[in-house]
Amino acid sequence: MKINSALLVLSMTFAALAQGADNPPFGIAIHGGAGTISKAKLTPEQEQAYRDKLEEAVNVGHKILAKGGDSLSAVQAAIKVLEDSPLFNAGKGAVYTFDGTHELDAAIMDGASLNAGAVAGVRHIKNPIDLALAVMQKSPHVMLSGQGAEEFALTQGFSLVPADYFDTEGRYQQLLDAKDKIKKAEAEAKDYQASNEQLDLDYKFGTVGAVALDKKGNLAAGTSTGGMTAKRFGRVGDSPVIGAGTYAENGACAVSATGHGEYFIRYQVAGDICARVKYQNKSVLQAADEVINQRLVEAGGTGGVIAIDQRGNIATPFNTEGMYRASRANNDAPLVMIWRDK
């Protein structure tokens with residue numbers, strides 16, 4: 001698979017040298033998932049709905065940063081807007097498991113302290129990113145899963161929502177279609193792994209996330225997802241795995257990923273990008289491009305990332321047809337994109 005990385009990297013660079021001590025750079029980038037987002041399949045009304053929600057989310061986070069708020073709060077607030085929208089595979093509108101339930105994952109990381117919190121396989125948490133933050137700030141742990149995570153949520157004053165809160169008709173039809181394909185493949189191959197490999201990429205990923213730099217120079221990253229359509233056996237993807245789908249470290253960068261999670265876990269995508277920035281002195285644009293459009297492509301992995309560095313440079317590379325994304329630097333207007341050209 002030949003990839004023209006120059007075409008796939010869409011980035012926005014702050015005029016860092018023009019920023020003085022009294023006017024430090026700040027900014028935020030968000031994503032709503034990558035995949036085979038065909039222009040032909042999106043009506044003008046659907047495309048506008050996605051663009052409007054992405055702009056709303058990036059503006060919510062940016063407003064916090066512009067007022068001097070911290071990057072963690074900006075990331076959390078932006079992700080909650082996307083979790084609350086049925087347009088994306090996170091929170092309301094999350095995909096279904098094979099058994100017709102929802103299992104949600106999320107993570108958040110503070111680049112200043114390297115503290116992180118994550119939850120996996122929760123079923124009754126309206127905004128999993130809120131619980132991930134509570135795990136980071138209110139527990140001695142990094143990741144909690146399933147029933148235990150929800151028991152912890154109750155100790156922190158969270159209210160549980162009914163399982164059907166996350167239901168949407170479109171995702172349910174997607175489940176029925178995926179199960180039909182899986183069952184047919186299993187009947188032919190008698191192999192669970194092979195049957196899942198037959199699924200189209202759009203069944204395998206869908207995520208929301210945000211990365212931010214605040215005026216104090218602190219980075220943060222967060223990611224939230226409903227996971228893979230028709231997933232079984234408590235499968236957990238890369239989103240809540242620190243260093244795979246989510247990572248932030250001051251002096252290096254902050255990254256949130258979306259893609260086929262098994263590859264992002266195996267290749268430590270988020271951590272690898274920041275390591276290249278930190279130890280090889282590469283720009284965040286180059287590091288992100290190398291990992292997404294070279295290393296991951298060579299391995300057969302698909303997806304993309306949003307990343308921001310200490311100077312506010314933003315990279316949004318992806319190796320799929322499209323990636324829902326938006327960014328806003330300093331006091332500039334928001335930039336909202338879906339495909340490579342716009």
Side-chain angles (χ1 to χ4, degrees), residues 61 64 69-84 90-92 94 97 101-163 165-166 207-212 214 216 218-227 231 233-257 261 264-265 268-271 274:
I64 292 172
D70 63 270
S71 54
L72 274 173
S73 297
V75 163
Q76 178 191 18
I79 289 176
K80 287 179 67 172
V81 172
L82 301 176
E83 286 179 332
D84 290 342
K92 180 71 172 179
T97 68
T101 63
H102 304 278
E103 295 177 357
L104 313 175
D105 308 330
I108 194 164
M109 188 167 185
D110 177 12
S113 64
L114 299 189
N115 285 337
V119 293
V122 296
R123 299 187 177 192
H124 301 279
I125 303 298
K126 180 181 178 182
N127 294 107
I129 196 67
D130 285 349
L131 185 54
L133 184 63
V135 171
M136 185 187 85
Q137 295 179 334
K138 304 295 184 179
S139 87
H141 309 298
V142 171
M143 184 186 291
L144 299 179
S145 66
Q147 182 178 344
E150 295 186 344
E151 290 176 358
F152 171 73
L154 291 174
T155 71
Q156 300 304 308
F158 281 71
S159 297
L160 303 186
V161 296
Y165 164 80
F166 304 102
T207 312
V208 306
V211 294
D214 63 34
K216 294 181 180 178
N218 293 320
L219 295 166
T223 315
S224 181
T225 185
K231 62 183 178 180
F233 314 120
R235 179 262 185 185
V236 176
D238 64 301
S239 297
V241 179
I242 302 304
T246 307
Y247 193 77
E249 181 176 355
N250 282 10
C253 66
V255 177
S256 174
F264 282 70
I265 293 171
Q268 297 178 295
V269 166
C274 290

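Computed over heavy atoms, backbone and side chain alike; hydrogens, waters and symmetry mates excluded.
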Participant: Check whether any side-chain N or O of Ser224 sits under 3.5 Å from a backbone N or O of Ala90 as a donor-acceptor pair, and report yes or no.
Facilitator: no

Participant: Does a donor on one side chain and an acceptor on the other come within less than 3.5 Å for Asn127 and Asp84?
Facilitator: yes

Participant: Counting only N and O atoms by type, is there a donor-acceptor contact under 3.5 Å from the side chain of Asp214 to the main-chain atoms of Asp70?
Facilitator: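 Side chain of Asp214 to backbone of Asp70, a donor-acceptor pair under 3.5 Å: no, none is there.
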
Participant: Check for a donor-acceptor pair, side chain of His124 on one end and backbone N or O of Pro162 on the other, with a separation under 3.5 Å.
Facilitator: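 No, the answer is negative, given that no donor and acceptor are paired below the 3.5 Å cut-off.
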
Participant: Have Thr207 and Thr223 got a donor and an acceptor in their side chains that come within less than 3.5 Å?
Facilitator: no

Participant: Nearest 0.5 Å please: distance from the NZ atom of Lys80 over to the CG atom of Asp130.
Facilitator: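 Interatomic distance, Lys80 NZ to Asp130 CG, rounded to 0.5 Å: 4.0 Å.
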
Participant: Would you say Lys231's side chain and Glu103's backbone share a donor-acceptor pair under 3.5 angstrom?
Facilitator: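 Looks like yes, one N/O pair under 3.5 Å.
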
Participant: With the threshold set at 4.0 Å, does a side-chain nitrogen-carboxylate oxygen contact exist between Lys92 and Glu83?
Facilitator: no

Participant: For the pair Glu150 (side chain) and Leu160 (backbone), establish whether a donor and an acceptor sit closer than 3.5 Å, ignoring hydrogens and angles.
Facilitator: no

Participant: Taking Thr246 for the side chain and Gly222 for the main chain, is one N or O donor matched with an acceptor at less than 3.5 Å?
Facilitator: no

Participant: Using a 3.5 Å distance criterion without hydrogens, assess whether the side chain of Asn250 forms a donor-acceptor pair with backbone atoms of Leu219.
Facilitator: yes

Participant: May I ask you to check whether over 12 heavy atoms, not counting those of Gln147, lie within 6.0 Å of atom CD?
Facilitator: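 No, because the 6.0 Å sphere around CD of Gln147 holds 12 heavy atoms or fewer from other groups.
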
